[in-house]
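For reference, the structure discussed in these notes is given below.
These values consider heavy atoms only, across backbone and side chains, with no hydrogens, waters or symmetry-generated copies. Source: prediction; values computed, not measured. Every chain is numbered from 1 and lettered A, B, ... according to where its sequence line falls, protein lines coming before strand lines.
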2 protein chains.
Amino acid sequence: METIRLYFDKFIKLNDSEWADFEKCIVKANIAKNEQILKQGEHANFIAFIQEGSFRFFYDKEGEVKITAFFFKGDFVSNYRSFLTGKSSDHFIEAMQEAVIYKINLQELKSLYDKHKNIERLGRLIAENLYLSVANRLDSFLFQTPAERYKGLIERNSRLLQDIPQYMIASYLGVKPETLSRIRKRK
Amino acid sequence: METIRLYFDKFIKLNDSEWADFEKCIVKANIAKNEQILKQGEHANFIAFIQEGSFRFFYDKEGEVKITAFFFKGDFVSNYRSFLTGKSSDHFIEAMQEAVIYKINLQELKSLYDKHKNIERLGRLIAENLYLSVANRLDSFLFQTPAERYKGLIERNSRLLQDIPQYMIASYLGVKPETLSRIRKRK
DNA sequence: ATCACTTATTGACTTTGGTCAAGAACTATT
DNA sequence: AATAGTTCTTGACCAAAGTCAATAAGTGAT
């Protein structure tokens, strides 16, 4: 548990009493490859911190699969919209590799927000952080071509993308697998 | 000032002492049409609440103008990314009509976060709220055609879009004015 | 090593939106 | 009302990505 505390320290350093309460609400889970930690139609009543492994966040309507996000080691994983609004998720979250996560439940997090100002602040910092990720991703669609998005993605994440099939990367970039194949060839 | 308090009450009800401190940090400003409240290259050291009027959030590189967002009455307006990261803004924010806003300075907001737990919470709620807006906008690019984006936009905002020229709406939707003109014709 | 299965590439063709240019419609000012 | 300046529409053509189908390459299991 101390290893995960170091990760949270990057957001905010909790004192021992705050951390003790926080720790009580965290549940460690080992996730098998291809296991789904959230299904379409469920409410995302948790947010989880990834200690090891990676996840895909995808939408599946009548066999048409679209990958909206990848989550890697060190990221928070959830359907944050569903988490915030209480509405049911339109996406699945599925482990792409064996994974270790620390889950915290929505209700418990809310009472931690009430109890500790610093955890309330942690909640703000997480929200701001997630805002920045999604704003960056939106920008990549507003201002970049698929080829530029691909270039940026591999520059930032080449190692993590190593064992992700190309058709999933294509979906994440918003193009068809054939198109990504052609993008890769032409440079 | 009491009218604006009602708006903030929708996020969180501040008690009189919290509100008194909050109010001290708020600066009312009257903005002329076409006035820029943030310029490219500046750091967005404020966040503002719109009491009246509307703004466009746009990027201008060598005459190529792209509208990334509109902000209306009741919205918070800023370059939130620049606000959070401290980096300079790559966008302008410009009033499309005469406007009345309440600005709060970044440093002052930070000390309010330190002083009042409820304002810290307000900060979280604002961040969560802005997350949801940008996530919805990203979804509109991931899952919708330009025609669907247009339909959704006018359904949600028809009144507010009344006096915005079509070429700006096209830019917001990520298409050229000619294309929007054709979309409108074909239905 | 072989076979089955999944993933990636390639080619031919279609669809959608972009580009460029001309003209029509609208607005504001005198 | 006339003019100038925007904004919007339309047409002809172009470019980029999608679709469909065939084949190649890669992966795992026996």
Side-chain angles (χ1 to χ4, degrees), chain A residues 32-34 54 56 58-68 70 92 94-98 137-138 140-154 157-158 160-187, chain B residues 32-34 54 56 58-68 70 92 94-98 137-138 140-154 157-158 160-187:
Chain A
K33 184 172 176 174
N34 296 327
S54 59
R56 62 184 180 127
F58 70 100
Y59 168 95
D60 181 346
K61 191 166 190 177
E62 296 138 26
E64 190 216 346
V65 174
K66 279 244 189 190
I67 294 177
T68 302
F70 294 119
F92 294 90
E94 187 178 290
M96 297 191 291
Q97 306 152 1
E98 256 191 277
R137 183 144 158 75
L138 174 60
S140 80
F141 278 87
L142 292 177
F143 297 113
Q144 297 189 303
T145 62
E148 290 165 341
R149 279 200 294 282
Y150 176 66
K151 186 163 168 285
L153 180 69
I154 53 170
N157 292 66
S158 63
L160 295 166
L161 296 169
Q162 217 55 51
D163 8 71
I164 298 179
Q166 231 182 83
Y167 72 91
M168 288 191 190
I169 294 173
S171 178
Y172 177 78
L173 295 172
V175 297
K176 298 289 148 181
E178 295 94 324
T179 299
L180 179 55
S181 176
R182 285 170 179 130
I183 286 170
R184 283 158 51 83
K185 201 172 68 165
R186 81 187 179 220
K187 107 112 251 281
Chain B
K33 183 171 177 175
N34 297 327
S54 60
R56 63 187 180 125
F58 71 101
Y59 168 95
D60 181 346
K61 191 165 190 179
E62 294 137 25
E64 189 216 347
V65 173
K66 279 242 189 192
I67 294 176
T68 301
F70 294 119
F92 294 90
E94 187 178 292
M96 297 190 293
Q97 307 152 1
E98 256 193 278
R137 182 144 158 76
L138 175 60
S140 79
F141 278 87
L142 293 177
F143 298 113
Q144 296 189 304
T145 62
E148 290 166 339
R149 278 200 295 283
Y150 175 66
K151 188 164 167 283
L153 180 68
I154 53 171
N157 292 66
S158 63
L160 295 166
L161 295 169
Q162 217 55 51
D163 6 70
I164 298 179
Q166 229 180 87
Y167 71 91
M168 288 192 191
I169 294 173
S171 177
Y172 177 78
L173 295 171
V175 297
K176 299 287 149 183
E178 295 93 327
T179 299
L180 180 54
S181 175
R182 286 172 179 128
I183 286 171
R184 283 160 50 85
K185 201 172 68 166
R186 79 187 182 220
K187 109 108 251 281

Handout entry: Rounded distance in Å - CG (Asp163(B)) to P (dC26(C))
Key = 17 Å
Practice task
Measure from the side-chain heavy atoms of Val175(B) and tell me the nearest of dT19(D), dC8(D), dG18(C).
Solution key: dG18(C)
Problem - Atom-to-atom span, CD1 of Ile67(A) to P of dT7(C) - whole angstrom - result: 11 Å
Exercise for the section: Round to a whole Å and report the spacing from CG of Leu161(B) to P of dC8(D). Expected result: 13 Å
Exercise for the section: Using only side-chain N and O atoms of Ser181(A), determine if any of them is under 4.0 Å from OP1 or OP2 of dT9(C). Expected result: yes
Exercise for the section: May I ask you to verify if any side-chain N or O of Arg186(A) is less than 4.0 angstrom from the OP1 or OP2 atom of dA17(D)? Expected result: yes
Practice task
Ignoring backbone atoms, test whether Gln166(B) places a side-chain nitrogen or oxygen under 4.0 Å from the OP1 or OP2 oxygen of dT9(D).
Solution key: yes
Problem - Minimum-distance nucleotide (side-chain atoms of Pro146(B) versus dT7(D), dG17(C), dA17(D)) - result: dG17(C)
Exercise for the section: Could you check how far CZ of Phe141(A) sits from P of dA17(D), rounded to whole Å? Expected result: 12 Å
Handout entry: Distance, rounded to the nearest Å, where Leu180(B) contributes CG and dT10(D) contributes P
Key = 12 Å
Exercise for the section: Taking the side chain as every heavy atom from C-beta outward, state whether Glu148(B) and Phe143(B) have any pair of such atoms under 4.5 Å apart. Expected result: no
Practice task
Give a yes or no on whether a donor-acceptor pair under 3.5 Å exists between the nucleobase atoms of dC8(D), that is its base, and the side chain of Glu178(B).
Solution key: no
Exercise for the section: Go through Leu142(A) and Lys66(B) one step at a time and tell me if the side-chain contact (heavy atoms from CB on, under 4.5 Å) criterion holds. Expected result: CA-CA 9 Å; Leu142(A) 292 177; Lys66(B) 279 242 189 192; 5.7 Å; no
Handout entry: Selection from dG18(D), dT19(C), dA17(D) that lies nearest to any side-chain heavy atom of Arg182(A)
Key = dG18(D)
Exercise for the section: Measure from NZ or CZ of Arg137(B) to the centre of the six-membered ring of Tyr172(B), then state whether that distance is under 6.0 Å and the direction lies within 45° of the axis. Expected result: yes
Problem - Closest approach of Ile67(A) to Ser171(A) (non-hydrogen atoms, all atoms of both residues) - result: N-OG, 2.7 Å
Exercise for the section: May I have the distance from Ile164(B) (atom CD1) to dT6(D) (atom C1'), rounded to whole angstrom? Expected result: 17 Å
Exercise for the section: Among the candidates dG11(D), dG18(D), dT9(C), find the nucleotide nearest to the side-chain atoms of Lys176(A). Expected result: dG18(D)
Exercise for the section: Please determine if a side-chain N or O atom of Lys185(A) lies less than 4.0 Å away from the OP1 or OP2 oxygen of dT9(C). Expected result: no
Handout entry: Met96(B) CE to dT6(D) C1', straight-line distance once rounded to whole Å
Key = 17 Å
Completion exercise
All heavy atoms of Leu153(B) vs all of Ile169(B), minimum pair found to be CD2-CG2, 3.8 Å
Exercise for the section: Measure from CD on Glu148(B) to P on dT16(C) and round the result to the nearest Å. Expected result: 12 Å
